[in-house]
Every structure is written in structure tokens, then in C-alpha cells.
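Bear in mind the structure is a predicted one, so any value in this text is a computation, not a measurement. If you read the sequence from its start, that first residue is 1, and numbering goes on from there.
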Amino acid sequence: MSHTTPPPGWDALFTNEQTNNYWQMLSIFIESERASFEIYPPHDEMFAAFFATPLQNVKVVIVGQDPYHQPGQAHGLSFSVNSNVALPPSLRNIFTELQSDVNVNRFQHPAKGNLTSWTEQGVLLLNTTCTVRRGEAASHSGKGWEDFTTAALRLVAETHEHVVFILWGKHAQALKSHLDISGHKHTFIESPHPSPLSAYRGFFGSHPFSRTNEALIQHGQVPITW
């Protein structure tokens, strides 16, 4: 991945970050991991979030932690799974809140848990760590990915007048200091994470989807069809 072709609209980010030392170290690490273990998502979907949502189209960001680590689940978009895959618990909880918040039933959606329709409307679905070893959550955290994804999110914050940042859980909320930029009017929607461990501590009932659309409308932007 040392000379990755930048996704459309993200050229400056990839060009800049690939010159940093951490990128070289991260590239070596990922290549050695792929040689020895099963790594998700597949190599060609590692930067799928950026290809799905060009920088200039970003209106909403949903920050995830790291990819799903069971076979066939991860395809490069945070919280999303391929449409032939059973819904992971966090995504089931997201869909439960979606239904109670804006009365949208994604459980019956033809795409199932594949959230590509959101990315096409300007929702960047970005994990702070872009790869993971099979069966080992957070196995690739602290290897350099966070430097890259924080730079990506900061670029979004700097180049847009108003973006809705949906920060679920302490891991995502820790990024807020990088994104709350003077002179910009970003909206931050924060709550506990939708995982079964914390969803009942305030994720359910937090209305992230209606609040996102209210903020978009308030800033003259088209709301998301969830």
C-alpha cells in the first residue's frame, strides 16, 4: 500500500500522508500481516470509504473503531456489512434506533446491512483503523492507521463549512478536539456506542438520524434518506 492511488477528491490527503514515516511503517506491517494471517477487509476494499464518498460530497461522518473481524463481514465502510451477511449486533441496534427515530425499517431493506446508499448521499463511513486480523478485534490499532484517519477527518472539518459528525462511544468522541475548528459550524452528535454493551446506556433514544437531518436542513443542505 506504499504507493496507493488516491481515491477521487482525496488526492491531497493520500499524497501528503504517504510521505510520512508512519505510512511506510504501516505499509510494511500490513503487508507482513496479509502474508501471515487472514486480514479484513480485502486489500481492494481497504479504502472503500474514500472511494464511496469523495471529499467534496461529505455532509455527514459516522466514525467507527475498526472493521468487523469475522469472515465476509467487513467491506471497508464503518458499521456496514455485505448484503448477504447477517446483521452484527451493533448494526441491529443502529437499525432499531433508526426505526424508532425516523420510522425507517432497514431490517426489510433489499440491501440488508449494506449501507452504500448512505455513502452515495454524502455519508462518510470511516473506521479509525482500516484493517483487522481475523477474529482479533483491535489487532491493528496503534499501528499508524489512526494518524491517517485523523488527518482525513481533520481535512473534512477544514474544507467544509458544515458537516455533521456522529460520534458513538468514547473512542469516536476523543476525535472531537481535532474537528471542532474555529470559524466552522459543524454539528457534533454524541452518544454511547450502539454495541450491546452500551446501547442501553443512552444510544437508544438519542435520535441521531433525525438530529442529523435537522442540522443539515438548518444549514441549507439536503437531508439524508436513511
Side-chain angles (χ1 to χ4, degrees), residues 1-55 58 60-82 88 90-91 115 119 123-159 163 165-179 193-195:
M1 66 177 241
S2 43
H3 297 290
T4 301
T5 305
W10 295 97
D11 310 58
L13 171 73
F14 279 74
T15 302
N16 291 343
E17 297 307 305
Q18 286 180 56
T19 64
N20 289 333
N21 285 338
Y22 84 79
W23 185 275
Q24 315 307 326
M25 301 299 291
L26 177 61
S27 298
I28 292 165
F29 171 74
I30 297 295
E31 282 162 24
S32 68
E33 284 283 289
R34 287 200 186 276
S36 307
F37 302 99
E38 202 168 332
I39 302 302
Y40 305 132
H43 178 79
D44 62 346
E45 293 181 321
M46 200 161 44
F47 298 111
F50 298 97
F51 282 98
T53 313
L55 176 61
V58 177
V60 179
V61 180
I62 301 180
V63 179
Q65 195 158 350
D66 63 344
Y68 295 119
H69 54 263
Q70 296 304 327
Q73 292 181 317
H75 67 129
L77 308 178
S78 64
F79 295 103
S80 180
V81 291
N82 285 303
S90 290
L91 189 55
L115 304 179
T119 68
V123 181
L124 179 65
L125 297 174
L126 186 63
N127 286 313
T128 53
T129 302
C130 296
T131 53
V132 71
R133 192 187 290 180
R134 175 178 178 163
E136 295 183 43
S139 48
H140 287 186
S141 61
K143 305 296 184 184
W145 276 126
E146 294 87 348
D147 294 319
F148 172 67
T149 50
T150 299
L153 292 169
R154 188 164 178 87
L155 182 64
V156 170
E158 289 171 344
T159 54
V163 172
F165 290 97
I166 299 177
L167 306 175
W168 288 329
K170 290 186 172 62
H171 176 86
Q173 287 157 19
L175 292 162
K176 186 177 177 180
S177 61
H178 298 283
L179 309 176
H193 196 276
S195 82

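The OH atom of Tyr22 sits 16.0 Å away from the NZ atom of Lys143 when rounded to the nearest 0.5 Å. Rounded to the nearest 0.5 Å, atoms OG1 (Thr131) and CD (Glu45) are 13.0 Å apart. In this structure, the separation between CG on Leu155 and OG1 on Thr149 is 12.5 Å, given to the nearest 0.5 Å. Considering CZ of Phe148 and CG of Asn20, their distance stands at 11.0 Å, rounded to 0.5 Å. Summarising the geometry, atom CG belonging to Leu124 is positioned 9.0 Å from atom OG1 belonging to Thr119; distances are rounded to the nearest 0.5 Å. In this structure, CD1 on Ile39 lies 6.5 Å from OG on Ser139, to the nearest 0.5 angstrom.
Counting only heavy atoms from C-beta outward, the side chains of Leu153 and His178 never approach each other to under 4.5 Å. You'll find the side chain of Pro71 reaches within 4.5 Å of the side chain of Tyr40, heavy atoms only. Contact of the Leu55 side chain with the Val156 side chain is registered, since non-hydrogen atoms from C-beta on lie closer than 4.5 Å. Put simply, the side chain of His43 reaches to within 4.5 Å of the side chain of Met46, judged on heavy atoms. In this structure the side chain of Phe165 never reaches within 4.5 angstrom of the side chain of Leu175, judged on heavy atoms.
The salt bridge (charged side-chain N to carboxylate O under 4.0 Å, His left out) search around Arg134 returns Glu38, not counting sequence neighbours. By the salt bridge (charged side-chain N to carboxylate O under 4.0 Å, His left out) test, Glu33 pairs with Arg133, sequence neighbours left out.
Closest of all the heavy-atom pairs between Leu115 and Ser80 is N-OG, 2.9 Å. When all heavy atoms are compared, the tightest approach of His69 to Gln73 is N-OE1, 4.0 Å. Closest of all the heavy-atom pairs between Asn16 and Thr19 is O-OG1, 2.6 Å. Annotation for Pro42 and Ala74: closest pair CD-O, 4.1 Å, computed over non-hydrogen atoms. What you find for Ser78 and Leu126 is that their closest heavy atoms are OG-N, 3.2 Å. In terms of heavy atoms, Trp10 sits closest to Ala152 at CZ3-O, 4.1 Å.
In terms of modelled atom types and a separation under 3.5 Å, the side chain of Asp66 and the main chain of Ala138 share a donor-acceptor contact. A donor-acceptor pair under 3.5 Å is formed between the side chain of Gln173 and the backbone N or O of Leu167. Listed for the Thr53 side chain is a donor-acceptor partner under 3.5 Å among the backbone atoms of Val123. In this structure, Asn82 contributes its side chain and His75 its backbone to no donor-acceptor pair below 3.5 Å. Formation of a donor-acceptor pair under 3.5 Å by the Glu136 side chain with backbone atoms of Val132 is not found in this model.
Enclosure of atom CG in Asp44 by more than 12 non-hydrogen atoms of other residues, nucleotides or ligands within 6.0 angstrom is indicated.
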Using side chain to side chain contact (heavy atoms under 4.5 Å, CB included), reason through Ile62 and Trp168 one step at a time and then give a plain yes or no.
CA-CA 8 Å; Ile62 301 180; Trp168 288 329; 3.6 Å; yes
Evaluate the criterion side chain to side chain contact (heavy atoms under 4.5 Å, CB included) for residue pair Phe50 and Leu13; output intermediate values, then yes/no.
CA-CA 11 Å; Phe50 298 97; Leu13 171 73; 4.0 Å; yes
So Thr129 and His140, side-chain hydrogen bond (donor to acceptor under 3.5 Å, both in side chains) or not? Walk me through it.
CA-CA 7 Å; Thr129 302; His140 287 186; over 6 Å; no
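In summary, the aromatic rings of His193 and Phe79 are positioned with their centroids under 6.0 Å apart.
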